[in-house]
> 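One structure is given below, represented as structure tokens, and several questions about it will come after.
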2 protein chains.
Amino acid sequence: MSTYAAKRVSTRDLLLDAAFDLFAEIGFAGTTISEIERRVGLAAGSGSFYRHFSSKEELLPAAVERELSKAIADVRSAFPDVAQAREPREVWLRRMLMWLRRTERLNRLLLLEGDRVPAIRAAITSAVQVMSDELSWDGDPAGIVGVAALHGYLLFSRAIGAPYYDIDEDEFIAALATLAPRRQSETVQQASTRSWQR
Amino acid sequence: MSTYAAKRVSTRDLLLDAAFDLFAEIGFAGTTISEIERRVGLAAGSGSFYRHFSSKEELLPAAVERELSKAIADVRSAFPDVAQAREPREVWLRRMLMWLRRTERLNRLLLLEGDRVPAIRAAITSAVQVMSDELSWDGDPAGIVGVAALHGYLLFSRAIGAPYYDIDEDEFIAALATLAPRRQSETVQQASTRSWQR
DNA sequence: GTCTATAAACGGATAGAC
DNA sequence: GTCTATCCGTTTATAGAC
């Protein structure tokens, strides 16, 4: 009941955090209860975990739920009142990239376990929608293309262990920022001269 | 020795294919030898698998290697002599999307196990380079942005179980195709200083 | 709430008959 | 090359002392 007691993180929450880290890193199947216990300072292999959760399966949605709440809170505190902002495209792209980094493990878990566990897919998908709203992103096609590109860039840079096609982050954002929808009148002529054509 | 015998797929190759499917679907840790045996028609739980491979670990790089060979061969037969092609951006984007679909499971496996198994990361990364060359893609920044966007679109559409931000494939490609670098006069100042900025 | 001990099931791997 | 049978380590989960 004391202020101190209220501030100390419960073992249950520590377990949820450790479990989420492991699930996102190596997947649900590869994660053992023993490793989770070890990470929070419990004796590995003792069933102490089971005083807090009744099964490993029960842990998965609970860990996702907790991480989603934290991510949403973080987005709200990091980008308050961004709705009215009028800003250069590059600033917006950097903000989206920060957001994608913050939610990187959630997205990875979605990729890993989304198929197998529909509840996770639904929870993460709807939370992403909430955060998109917070970021005041109206979802125009050009914006979606930008976010998709950042998504791909981030995921594969991580997977490859080097910048995607050796383009560093600043270069990538700069390239994205200079892309804009062509006006109707320009389209035909420019289509035959651009550099992506061989 | 007979023509028929040469054409019949060996059990070893069936095992490699089944293993690859499972690894890409549910990951290495989540895949059991029993399930692999079941998929190729062997009795699940019998050690028949071990007449072909000495361990589960040995199976992983072998399965990736086989799938990489098949993917490269498919790309060559599907897009022969594309080097000289002059084509609209949208056609190029659709071709890249086809390629990404063909290599989707390889990319998923890279995401899943690349960190844990450097050999897989290296093999897939270098094969992707080979295929990029086959597709005669010079890797200009605008092109890389396009491929990254398609990558993100494809991966997350699959993970979400619906089109990414509810934009269907044709719309997405159309949006990508109409994006072009703004003219120098509009952006040269920002663009030239961006790379040095933090 | 955590520990020791242990049950029960599972998964990787081997031996030997056919 | 496949099967039955089995070994053994690991993992999930429970019981009971403190």
Side-chain angles (χ1 to χ4, degrees), chain A residues 1-2 4-64 66 112-113 116-117 119-120, chain B residues 1-2 4-64 66 112-113 116-117 119-120:
Chain A
M1 285 297 184
S2 81
Y4 292 154
K7 284 191 180 192
R8 201 170 58 243
V9 183
S10 67
T11 299
R12 183 190 159 90
D13 284 346
L14 289 176
L15 286 167
L16 287 172
D17 290 340
F20 179 81
D21 289 347
L22 285 164
F23 292 158
E25 249 175 77
I26 59 183
F28 182 81
T31 298
T32 65
I33 303 292
S34 293
E35 179 59 23
I36 296 172
E37 288 172 330
R38 185 175 297 115
R39 289 205 176 186
V40 303
L42 293 173
S46 72
S48 295
F49 164 86
Y50 292 97
R51 294 286 170 173
H52 303 274
F53 299 93
S54 66
S55 74
K56 187 183 170 187
E57 277 291 344
E58 179 195 331
L59 190 58
L60 183 52
V64 170
R66 175 169 161 83
L112 261 55
E113 312 293 345
R116 197 178 61 82
V117 190
I120 285 182
Chain B
M1 288 294 190
S2 81
Y4 293 154
K7 285 192 181 193
R8 201 169 56 242
V9 182
S10 68
T11 299
R12 182 189 160 89
D13 284 346
L14 290 176
L15 286 168
L16 287 172
D17 290 341
F20 179 82
D21 289 347
L22 284 164
F23 292 158
E25 250 176 77
I26 59 181
F28 182 80
T31 298
T32 65
I33 303 293
S34 293
E35 179 59 23
I36 295 172
E37 289 172 329
R38 185 175 297 116
R39 288 207 178 186
V40 303
L42 293 173
S46 73
S48 294
F49 164 86
Y50 291 96
R51 294 287 169 172
H52 303 274
F53 299 93
S54 65
S55 73
K56 187 184 171 187
E57 277 290 345
E58 180 195 331
L59 191 57
L60 183 52
V64 170
R66 176 170 160 82
L112 262 54
E113 311 292 344
R116 196 179 63 81
V117 190
I120 285 183

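Side chains included, hydrogens not; waters and symmetry mates left out as well; all remaining heavy atoms used. The structure displayed is predicted, hence computed values, not measured ones. Throughout, a chain's letter reflects where its sequence line sits, starting with A, and its residues are numbered from 1.
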> Begin from the C-alpha positions of A:F49 and A:V40 and carry the test side chain to side chain contact (heavy atoms under 4.5 Å, CB included) through to its verdict.
CA-CA 10 Å; A:F49 164 86; A:V40 303; over 6 Å; no

> Please check if the side chain of B:E113 supplies one atom and the backbone of B:F28 the other of a donor-acceptor pair under 3.5 Å.
yes

> What is the minimum heavy-atom distance between A:A29 and B:G30, and which atoms define it?
CB-CA, 3.6 Å

> Give the first and the last nucleotide of DNA chain D, reading 5' to 3', that has any atom under 4.0 Å from a heavy atom of chain B.
D:dT2 to D:dT4

> Which is more 5' along DNA chain D, the nucleotide nearest A:S54 or the one nearest B:G47? Just name the residue.
B:G47

> Can you see whether B:T32 engages B:S34 through a side-chain donor-acceptor pair at a distance of less than 3.5 angstrom?
no

> Determine the minimum heavy-atom distance between A:A62 and A:F53, stating which atoms define it.
CB-CE2, 4.5 Å

> Are any side-chain N or O atoms of B:E35 and backbone N or O atoms of B:T31, one a donor and one an acceptor, separated by less than 3.5 Å?
no

> For nucleotides 10-12 of chain C, give me every protein contact, N/O to N/O, under 3.5 Å, one pair per line with atom names.
| from | atom 1 | to | atom 2 | distance (Å) |
| --- | --- | --- | --- | --- |
| C:dG12 | OP1 | B:T31 | O | 3.4 |
| C:dG12 | OP1 | B:K56 | NZ | 2.9 |
| C:dG12 | OP2 | B:I33 | N | 3.0 |

> Only pairs at least two apart or in different chains count here, so list each salt bridge (Lys or Arg N to Asp or Glu O under 4.0 Å) that has a residue in residues 11-21 of chain A.
A:D13-A:R66, A:D17-A:R66, A:D17-A:K70, A:D21-A:R105

> Would you check if the side chain of B:E37 reaches a backbone N or O of B:G45 as a donor-acceptor pair within less than 3.5 Å?
yes

